Student: 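This is the structure I want to talk about, given as structure tokens.
Order of listing sets the numbers, starting from 1, for every ligand and every atom in it. Just so we're clear, the structure is a prediction, and the values are computed from it rather than from any experiment.
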Amino acid sequence: MERKITLTEKEMPKQWYNILADLSSPIDPPLHPVTLEPATPDLLSAIFPMALIEQEMSSQRWIDIPSEVMDKLSIWRPSPMYRAYGLEQALGTPAKIYYKWEGVSPAGSHKPNTAIAQAYYNKKEGINKLSTETGAGQWGSSLSLAGSMFGIEVLVYMVKCSYDMKPSRRLMMETWGGKCISSPSNTTDSGRNILKEDPNCPGSLGIAISEAVEVALKNKDTNYALGSVLNHVLLHQSVIGLECKEQFKKVGDYPDVVIGCVGGGSNFGGIATPFAYDKIHGSKNVRLVAVEPTACPTLTKGIYAYDYGDTAKMAPVVKMHTLGHDFVPASIHAGGLRYHGMAPIVSKLVQENLVEAVAYHQKPVFDAAILFAKTEGHIVAPETAHAVKGAIEEALKAKEEGKERTILFNCSGHGHFDMTSYQKYFENKLEDFEYPEDEIKKALLKLPKV
Ligand SMILES: *Cc1c(COP(=O)(O)O)cnc(C)c1O
């Protein structure tokens with residue numbers, strides 16, 4: 001039996017799948033952050049290219065992947081899908097476990113799948129500069145990579161505490177020609193205002209977003225790019241699930257359950273929506289499971305409501321599961337999963353009972369990552385480890401029930417720059433945070449009154 005299931009370049013999907021075409025009712029429209037009226041394309045075109053705004057609102061089911069984008073993606077795509085024989089054996093499960101390995105991209109995660117497409121559409125509309133924010137550095141490095149390929153200058157506002165603690169990610173950005181600035185900075189009004197109040201502010205994703213959006217709003221030649229949450233990001237990530245379906249055809253199998261970790265929802269949406277298509281059209285009864293950290297339980301404890309996308313209330317207001325834009329989660333090691341909101345598409349799928357959500361504490365999540373490293377070899381990112389944990393739980397359930405089942409999970413990225421988190425685990429210094437229910441209730445009181 002094959003361990004590694006590969007596709008040739010010729011077998012790469014030629015179109016993205018847009019699930020907006022298959023929802024039972026349209027997604028609630030994004031609102032202007034000040035007026036709370038539906039956001040017009042005008043508002044969005046100050047920071048995004050028209051092609052991406054069109055994709056954001058499109059109900060066309062299949063959208064062609066431009067050949068220039070295919071060309072760059074083919075550097076690492078199609079990505080391999082593995083049968084996890086080692087893990088299955090260690091668990092003694094009758095289940096078959098497969099995982100899609102997105103760690104093969106130059107930046108080490110799924111994020112370049114959309115970074116490449118976003119850089120391409122911006123360049124095509126004459127934009128030569130992009131600004132963005134990054135927390136742990138994964139998105140900043142992915143967009144820098146994409147910028148280098150299309151001749152776009154990339155300016156990244158990196159949350160100060162990560163900037164100081166994670167020089168390797170910053171150096172990757174610089175290697176690809178990106179410019180990385182510690183946020184809050186004195187290059188924007190938002191940054192200067194924060195620094196006036198607190199010169200030693202460690203920064204936050206909310207502040208970094210405000211700085212990046214401000215630069216895009218103030219400079220005609222500069223646009224803003226977001227690495228998750230938005231519909232067009234999930235569209236670009238659908239290549240993951242589409243490839244998996246082809247890979248399953250090759251081995252004559254099909255999953256009973258598809259699992260992914262969720263931060264903003266893009267890698268989960270990417271692997272899950274092509275399978276949701278089969279479910280919606282009634283041809284398959286596949287379960288779709290989103291895994292989140294207990295410390296930031298957006299889907300399992302948040303409410304489904306309109307909320308701001310950022311702390312500074314500059315980004316459009318969207319309908320999603322949220323813990324409140326003021327919610328500050330504990331500093332767990334899966335930094336990429338610490339977002340207060342969720343992709344509107346994933347939220348809607350949960351609302352329609354097409355997607356289930358579960359939450360796990362970080363210690364058992366790292367236990368899962370260590371078992372995976374020892375049995376399958378790959379050292380995964382702390383974010384990805386949540387999906388590994390989800391898959392192991394499903395495999396153990398199958399064992400208990402004495403039933404066969406086919407499990408697929410998305411291995412969103414490698415953890416080569418996250419080894420200090422593994423170190424904390426080995427030194428037994430990881431803490432498990434229960435979600436602070438009172439804090440969530442307080443934060444939810446500040447939702448916009450729509
Ligand atoms: C950013 C990131 C995530 C979380 O973001 P999503 O948009 O939810 O996919 C997960 N895994 C890795 C490796 C990441 O870099």
Side-chain angles (χ1 to χ4, degrees), residues 79 99-115 118 132-145 156 158-159 162 166 168-169 172-173 205 208 225-241 258-273 288-293 296-299 309 320-321 329 332-347 349-350 355 357 359 362 365 369 372 378-390 409-418 421:
S79 69
Y99 61 95
K100 182 70 162 165
W101 182 225
E102 289 295 306
V104 290
S105 82
S109 75
H110 65 289
K111 289 197 171 79
N113 295 336
T114 184
Q118 292 190 41
T132 197
E133 75 291 328
T134 198
Q138 286 145 325
W139 172 242
S141 48
S142 300
L143 196 66
S144 298
L145 161 76
V156 184
M158 185 170 184
V159 177
S162 301
K166 295 200 155 193
S168 301
R169 279 282 169 194
M172 283 173 84
M173 295 177 218
L205 214 46
L226 191 61
S228 186
V229 181
L230 299 177
N231 303 342
H232 67 261
V233 178
L234 272 69
L235 173 77
H236 302 153
Q237 294 294 358
S238 68
V239 290
I240 301 173
V258 176
I259 300 165
C261 67
V262 283
S266 74
N267 88 84
F268 173 74
I271 197 164
T273 53
L288 308 170
V289 180
V291 186
E292 63 186 11
C296 189
T298 315
L299 288 174
M320 60 184 173
H321 283 85
I332 53 160
H333 288 275
L337 305 185
R338 293 178 67 233
Y339 183 60
H340 69 272
M342 183 54 61
I345 286 177
V346 173
S347 292
L349 293 174
V350 168
V355 166
Q362 60 175 350
V365 160
F372 188 71
H378 301 299
I379 296 177
V380 298
E383 292 85 359
T384 309
H386 287 74
V388 178
K389 172 67 179 166
F409 71 97
N410 197 14
C411 243
S412 55
H414 69 62
H416 300 177
F417 297 102
D418 303 288
S421 304

Student: Report the nearest protein non-hydrogen atom to atom 7 (O) of ligand 1: residue, atom name, distance rounded to 0.1 Å.
Tutor: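 I find the closest protein heavy atom is S228 OG, 2.5 Å.
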Student: Mind checking whether H110 contacts ligand 1 via backbone (N, CA, C, O), side chain (CB onward), both or neither, at a 4.0 Å heavy-atom cut-off?
Tutor: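 Side chain only; the backbone of H110 stays clear of ligand 1.
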Student: Between S142 and A115, what is the shortest heavy-atom contact and its length?
Tutor: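 Scanning both residues, the minimum pair turns out to be O-CB, 3.5 Å.
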Student: Should you measure from each heavy atom of C261, which atoms of ligand 1 turn up under 4.0 Å away?
Tutor: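 In order of numbering, the contacting atoms are 10 (C).
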Student: Given Q138, M342, E383, identify the one with the heavy atom nearest to atom 10 (C) of ligand 1.
Tutor: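 Checking each option, the heavy atom nearest atom 10 (C) of ligand 1 is found in E383.
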Student: Without hydrogens or angle criteria, can the side chains of E102 and N113 be said to hold a donor-acceptor pair below 3.5 Å?
Tutor: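 There is such a pair (donor and acceptor under 3.5 Å, judged by atom type) between the side chains of E102 and N113.
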Student: Does ligand 1 come near enough to G413 that some N or O of the ligand is less than 3.5 Å from an N or O of the residue?
Tutor: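 Not met; the criterion fails.
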Student: Students should be able to answer this: which protein heavy-atom is nearest to atom 12 (C) of ligand 1, and at what distance?
Tutor: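 Answer for atom 12 (C) of ligand 1: S412 OG, 3.5 Å.
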Student: Out of H386, Q362, E383, which one pairs with P293 under the side chain to side chain contact (heavy atoms under 4.5 Å, CB included) rule?
Tutor: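 The single option meeting the side chain to side chain contact (heavy atoms under 4.5 Å, CB included) with P293 is H386.
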Student: Provide the number and element of each atom of ligand 1 under 4.0 Å from a heavy atom of V262.
Tutor: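 So the atoms of ligand 1 that pass are 8 (O).
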Student: As a quick check of understanding, evaluate side chain to side chain donor-acceptor pair (under 3.5 Å) for H321 and S347, giving each step before the final call.
Tutor: CA-CA 6 Å; H321 283 85; S347 292; 3.2 Å; yes
Student: Under 3.5 Å between any N/O of G263 and any N/O of ligand 1: does that happen in this structure?
Tutor: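 Yes, G263 has an N/O under 3.5 Å of an N/O on ligand 1.
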Student: In terms of residue, atom name and distance, what is the protein heavy atom nearest to atom 4 (C) of ligand 1?
Tutor: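 Going by distance alone, atom 4 (C) of ligand 1 is nearest to G336 O, 3.5 Å.
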Student: Among I240, N267, I271, which one satisfies side chain to side chain contact (heavy atoms under 4.5 Å, CB included) with S412?
Tutor: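 So, applying the side chain to side chain contact (heavy atoms under 4.5 Å, CB included) to S412 and each of I240, N267, I271, only N267 qualifies.
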Student: For atom 1 (C) of ligand 1, which candidate among E292, K111, H414, E102 provides the closest heavy atom?
Tutor: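 Answer by nearest heavy atom: K111.
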Student: Once ring-ring contact (aromatic ring centres under 6.0 Å, His included) is applied, do any residues pair with F372, and if so which ones, sequence neighbours excluded?
Tutor: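 Result, ring-ring contact (aromatic ring centres under 6.0 Å, His included) vs F372: Y99, F409.
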Student: Pair Q138, M172 - check side chain to side chain contact (heavy atoms under 4.5 Å, CB included), show working.
Tutor: CA-CA 10 Å; Q138 286 145 325; M172 283 173 84; over 6 Å; no
Student: Counting from 1, what ligand 1 atoms have a heavy atom of T384 closer than 4.0 Å?
Tutor: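 The list of qualifying atoms is 13 (C).
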Student: State which residues pass side chain to side chain donor-acceptor pair (under 3.5 Å) with E133; sequence neighbours excluded, sorted by chain then number.
Tutor: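 E133 satisfies side chain to side chain donor-acceptor pair (under 3.5 Å) with Y224 only.
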